[in-house]
Amino acid sequence: MANLKKFTNAAASFDGDPIAINADIVASVFELIEPDADGKLQSHTIIYGVNNVDWRVKESYLEVLATLNSD
């Protein structure tokens, strides 16, 4: 059975929707800082998978790490 972890989607098309990611296929987690539509810098957490797919989530970098490392 997949090791699914629940996060909050931050991708524009799915903003605020729940997303479950298989923790067994996560290759890395990092913060991306980029400007929003008004030019204000925003920090986003990116979960990058071994299948070259990434997910932008609302949880902080440390929250994502804690969730992925939890039983």
Side-chain angles (χ1 to χ4, degrees):
M1 180 172 198
N3 183 15
L4 296 177
K5 303 293 183 174
K6 184 179 174 189
F7 299 98
T8 308
N9 206 321
S13 301
F14 304 101
D15 191 33
D17 292 347
I19 183 172
I21 297 172
N22 183 349
D24 295 333
I25 65 163
V26 172
S28 63
V29 177
F30 58 93
E31 284 186 307
L32 178 65
I33 299 172
E34 58 189 1
D36 62 14
D38 298 323
K40 183 178 176 185
L41 292 179
Q42 300 291 324
S43 176
H44 301 283
T45 305
I46 308 297
I47 301 172
Y48 189 78
V50 296
N51 54 355
N52 297 324
V53 173
D54 62 74
W55 302 273
R56 181 179 298 231
V57 297
K58 291 195 178 233
E59 288 76 14
S60 72
Y61 171 80
L62 292 176
E63 288 174 302
V64 169
L65 289 182
T67 299
L68 290 172
N69 289 314
S70 68
D71 291 337

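- Every residue two or more places apart in sequence or in another chain was checked for a side-chain contact (heavy atoms from CB on, under 4.5 Å) with Ser13, and none qualifies.
- For Asp24, the side-chain contact (heavy atoms from CB on, under 4.5 Å) test picks out Asn3, Asn22, with sequence neighbours left out.
- Taken to the nearest 0.5 Å, the CG atom of Leu32 stands 5.0 Å off from the CD1 atom of Ile46.
- Hydrophobic cluster membership differs between Phe14 and Val57, with clusters built from Ile, Leu, Val, Met, Phe, Trp and Tyr side chains linked at under 4.5 angstrom.
- Every side-chain contact (heavy atoms from CB on, under 4.5 Å) that Ser70 has, sequence neighbours left out, goes to Lys5.
- In terms of heavy-atom proximity, Tyr48 sits nearest to Trp55 at C-CZ3, 4.5 Å.
- Hydrophobic clustering (side-chain heavy atoms under 4.5 Å, transitive across Ile, Leu, Val, Met, Phe, Trp, Tyr) keeps Ile47 apart from Phe30.
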Result block: side-chain N/O donor-acceptor pairs under 3.5 angstrom for residues 35-42, not counting sequence neighbours:
unit_1: Asp36; atom_1: OD1; unit_2: Asp38; atom_2: N; d: 2.9
unit_1: Asp36; atom_1: OD1; unit_2: Gly39; atom_2: N; d: 3.0
unit_1: Asp36; atom_1: OD1; unit_2: Lys40; atom_2: N; d: 2.9
unit_1: Asp36; atom_1: OD2; unit_2: Gln42; atom_2: NE2; d: 3.3

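- In this structure Ala66 satisfies the side-chain contact (heavy atoms from CB on, under 4.5 Å) test with no other residue, sequence neighbours excluded.
- Identified under the salt bridge (charged side-chain N to carboxylate O under 4.0 Å, His left out) test for residues 51-61, with sequence neighbours left out: Asp15-Lys58, Glu34-Arg56.
- Rounded to the nearest 0.5 Å, atoms CZ (Phe7) and CD1 (Ile19) are 9.0 Å apart.
- For Ser60 against Thr45, the heavy-atom pair with the smallest separation is C-OG1, 3.3 Å.
- Side-chain heavy atoms closer than 4.5 Å link hydrophobic residues (I, L, V, M, F, W, Y) into clusters, and following such links, even through other members, never connects Leu4 to Ile21.
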